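Following: one structure in structure tokens, then a few remarks.
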Amino acid sequence: MKIAVLAVQGAFEEHEKVLQELGAETLQLRKASDLDHDFDGLILPGGESTVQGKLLRELSMMGAIRDRIKNGLPVLATCAGLILLAEKIAGEAVHHIGTLPVTVKRNAYGRQLGSFHYEGIVQGIGIFPMEFIRAPYIESIADGVKILAAVNGHIVGVQYQDQLAVAFHPELGGDQRIHKYFLERMVSKN
Ligand code: GLN
């Protein structure tokens, strides 16, 4: 099983490490021609969504990634990755990949709570250590989007068809179960 990891900016190496420990092969996506390779799933890592979005446009990767996801490529998006996937970004006119029918709010927890740790339930997985770093939350969802996790009433994890997106960093908490869920339940089933 080969999983592509968007590697233009952000915390992609940590995802690769978890995937490799779980026995998956990884492929870094740094330029448009990297998308010509065969792969079975995609990770959109945390980082800075404005920078990642700008690079995806400049590198002519946005359209191809969007099409692959629309055609059913399983994707796991974390933090900035969730912002890239969202159909709407609150207060902003642009969106990026836009395949996930939710509205996200960026830097949603204010300055005081820029970064925090929370232990909460992820549906289908159980109590999970969640690392939030200047994280977004999901303000609203369309029909068909399943809520997987919430913190203080704010949605922080969803699944919609083959797209799994969380506002926190599952690659940093030392718990591999979200990656395992992605590989076993979303990638392998295809
Ligand atoms: N604040 C970042 C953004 O708006 C996301 C932070 C993260 O990925 N940890 O893109």
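The basis for the numbers below is simple: all heavy atoms, side chains too, and nothing from hydrogens, waters or symmetry mates. All figures in this text were calculated on a predicted structure; none of them were measured in a lab. Just so you know, ligand 1 is whichever comes first in the structure, and atom 1 is the first atom listed for that ligand.
- Between Phe132 and Phe116, the ring-plane angle classifies as parallel under the 30° and 60° cut-offs.
- Counting heavy atoms under 4.0 Å from ligand 1, residue Arg106 touches it through the side chain alone.
- Counting heavy atoms under 4.0 Å from ligand 1, residue Ile83 touches it through the side chain alone.
- Regarding atom 2 (C) of ligand 1, its nearest protein heavy-atom neighbour is Gly47 O, 3.5 Å.
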Give the C-alpha distance, both sets of side-chain angles, the deciding distance and a yes or no for side-chain hydrogen bond (donor to acceptor under 3.5 Å, both in side chains) between Gln176 and Glu21. CA-CA 9 Å; Gln176 303 183 329; Glu21 282 174 12; 2.6 Å; yes
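- Side chain of Ser188 to main chain of Leu183: a donor-acceptor pair is present (N/O by atom type, distance under 3.5 Å, no hydrogens or angles).
- Counting only distance, with no hydrogens or angles, the side chain of Asp34 and the backbone of Lys31 share a donor-acceptor pair below 3.5 Å.
- A cation-pi contact links Arg68 to Phe39, judged by a cut-off of 6.0 Å to the six-membered ring centre and 45° from its axis.
- Some N or O of Asn107 is nearer than 3.5 Å to an N or O of ligand 1, by distance alone.
- Between Gly81, Ser49, Ala167, it is Ser49 that holds the heavy atom closest to atom 10 (O) of ligand 1.
- Annotation for ligand 1: atoms under 4.0 Å from non-hydrogen atoms of His169 are 7 (C), 8 (O), 9 (N).
- The proximity of Gln52 to ligand 1, defined as any non-hydrogen pair under 4.0 Å, does not occur for either the backbone or the side chain.
- In terms of protein heavy-atom proximity, atom 7 (C) of ligand 1 is closest to Cys79 SG, 2.7 Å.
- From Tyr118, atom OH reaches atom CZ of Phe168 across 11.5 Å, with rounding to the nearest 0.5 Å.
- Test Leu35, Leu76, Leu29 against Leu42 for side-chain contact (heavy atoms from CB on, under 4.5 Å) and you get one pass: Leu29.
- Between Ile133 and ligand 1, a contact under 3.5 Å exists for at least one N or O pair.
- Residue-to-ligand polar distances keep Gly46 apart from ligand 1: every N/O pair is separated by 3.5 Å or more.
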